[in-house]
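For reference, the structure is listed below as structure tokens.
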Amino acid sequence: MTSTPPGTTPTPTDTRAATDTQAADTQAAAAALAALPAAGASKPASAVGGERVHAERAGKRVRALLGGQVVVDTVRPVLVWEGPHYPVYYLPAEDVRATLVPNGTVNRSPSRGAAVRHDVVIGDHTAPDAAVTHPDSPIPALRGLVRFDWNALDTWLEEDEIVYGHARNPYHRIDVLASSRHVRVEIDGVTVADSVRPVVLFESGLRPRYYLPLTDVRTELLTSSDSATHCPYKGTASYHSVRVNGEVHEDVVWYYPTPLFESIRIAGLVCFYDEKVDVLVDGVHT
């Protein structure tokens, strides 16, 4: 960045030099962005983790809303893996419709550089500290992009469909398969489900989950819960607790009343939380 000593007046040459520098920086950032690989183009397993960052161009239209108003609308989203699990969206600043107001907070990342925090203002709605920019990032492609905190905004859409929880990962896969394996679920020594008709959901990086028909579950032991969680691949999960031997085991059963299309086969089925109850598949503990 070009600066002028205090008490001096910039000359036309100074102004032209500053403008040329800014234009060169903008062109360099645009070139770096264009050079990113397309989403799903075989991300190396070692590319993320710790302070390493991996970025890819996504071809989807992405929108985010706050208070019913469109905060950002772009067909040039960038998926950035800041950690190993799933990516976040970085979106072009020129496609942001809200006002970004710097709030004085600046964090620093060894990989991404100074992170300038902003309040997001649109109409009568403000999302405090909900956006980050990296104007001087050592990664040129990030310099003209904005990262919004997912949960600070009301709704996110990929194309015309709502996406839940976080951006979808192009390397993440779900397979839902019918099975005849024998699944038995025990809590405190009491059998609460027994089925040879499970539907098994295989999800990248996670253990298999066994979804069971309600007719194979002792539903009289279930009590409704107000809990809910969100998944970009399955939708919104509701929960049940289980009362056994006078004790309530909170939120150990979940189900998706209206799962997303790729997981539609688990609709109407329930899954027990393997980590909290005893699930045996063909007699073997999961």
Side-chain angles (χ1 to χ4, degrees), residues 1-3 14-64 70-103 105-118 120 129-150 152-153 156-159 163 166-172 232:
M1 179 178 294
T2 303
S3 60
D14 295 331
T15 302
R16 284 196 299 273
T19 302
D20 290 346
T21 299
Q22 291 171 355
D25 289 344
T26 300
Q27 291 174 359
L33 197 60
L36 293 176
S42 70
K43 173 177 64 69
S46 60
V48 295
E51 282 298 332
R52 290 172 293 184
V53 171
H54 179 74
E56 297 180 351
R57 290 177 290 109
K60 299 173 180 176
R61 181 186 183 188
V62 172
R63 284 170 287 173
V70 177
V71 169
V72 59
D73 185 348
T74 186
V75 293
R76 301 175 297 154
V78 175
L79 289 170
V80 177
W81 280 261
E82 300 173 335
H85 301 299
Y86 55 82
V88 297
Y89 274 128
Y90 278 64
L91 308 173
E94 56 266 34
D95 294 335
V96 175
R97 300 182 183 179
T99 301
L100 304 184
V101 182
N103 58 26
T105 300
V106 178
N107 305 125
R108 183 164 293 279
S109 161
S111 61
R112 284 161 283 152
V116 181
R117 306 288 311 188
H118 303 260
V120 176
D129 202 38
V132 175
T133 59
H134 296 274
D136 300 311
S137 176
I139 303 172
L142 301 188
R143 293 175 190 167
L145 305 179
V146 182
R147 179 198 193 280
F148 293 95
D149 291 348
W150 189 278
L153 304 183
W156 287 81
L157 296 100
E158 293 178 343
E159 296 299 334
V163 60
H166 57 78
R168 288 185 175 95
N169 186 342
Y171 301 99
H172 193 98

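Among Val116, Val120, Val132, the one residue that satisfies the side chain to side chain contact (heavy atoms under 4.5 Å, CB included) test with Leu100 is Val120. For the pairing with Val72, the side chain to side chain contact (heavy atoms under 4.5 Å, CB included) check across Val96, Leu153, Val146 returns one residue only, Val96.
Of all heavy-atom pairs spanning Arg143 and Asp136, the tightest one is NE-C, 4.4 Å. Considering all non-hydrogen atoms of both residues, Arg97 and Val70 come closest at CB-O, 3.5 Å. Nearest approach of Trp150 to Trp156, heavy atoms of both residues: O-NE1, 3.1 Å. Ala141 and Ala32 make their closest contact through N-CB, 3.6 Å (heavy atoms, listed as atom of the first residue, atom of the second, distance).
To the nearest 0.5 Å, the span separating OG1 on Thr74 from CD on Glu94 amounts to 7.5 Å. Leu33 contributes atom CG, which lies 8.0 Å from atom CZ of Arg57 (distance to the nearest 0.5 angstrom). Between the CG atom of Leu142 and the CZ atom of Arg112 there is a distance of 8.5 Å, given to the nearest 0.5 Å. To the nearest 0.5 Å, atoms OH (Tyr171) and CD (Glu56) are separated by 3.5 Å. From Tyr90, atom OH reaches atom OG1 of Thr133 across 10.0 Å, with rounding to the nearest 0.5 Å. Rounded to the nearest 0.5 Å, atoms OH (Tyr89) and CG (Leu145) are 13.0 Å apart.
Side chain of His134 to backbone of Ala114: a donor-acceptor contact under 3.5 angstrom is found.
For the salt bridge (Lys or Arg N to Asp or Glu O under 4.0 Å) test, residues two or more places apart in sequence or in another chain that qualify with Arg63 are Asp160. Here Asp129 pairs with Arg117 under the salt bridge (Lys or Arg N to Asp or Glu O under 4.0 Å) rule; sequence neighbours left out. Considering only residues two or more places apart in sequence or on other chains, Asp95 meets the salt bridge (Lys or Arg N to Asp or Glu O under 4.0 Å) condition with Arg76.
Taking a cutoff of 4.0 Å between a charged side-chain nitrogen and a carboxylate oxygen, Lys60 and Glu158 qualify as a salt bridge.
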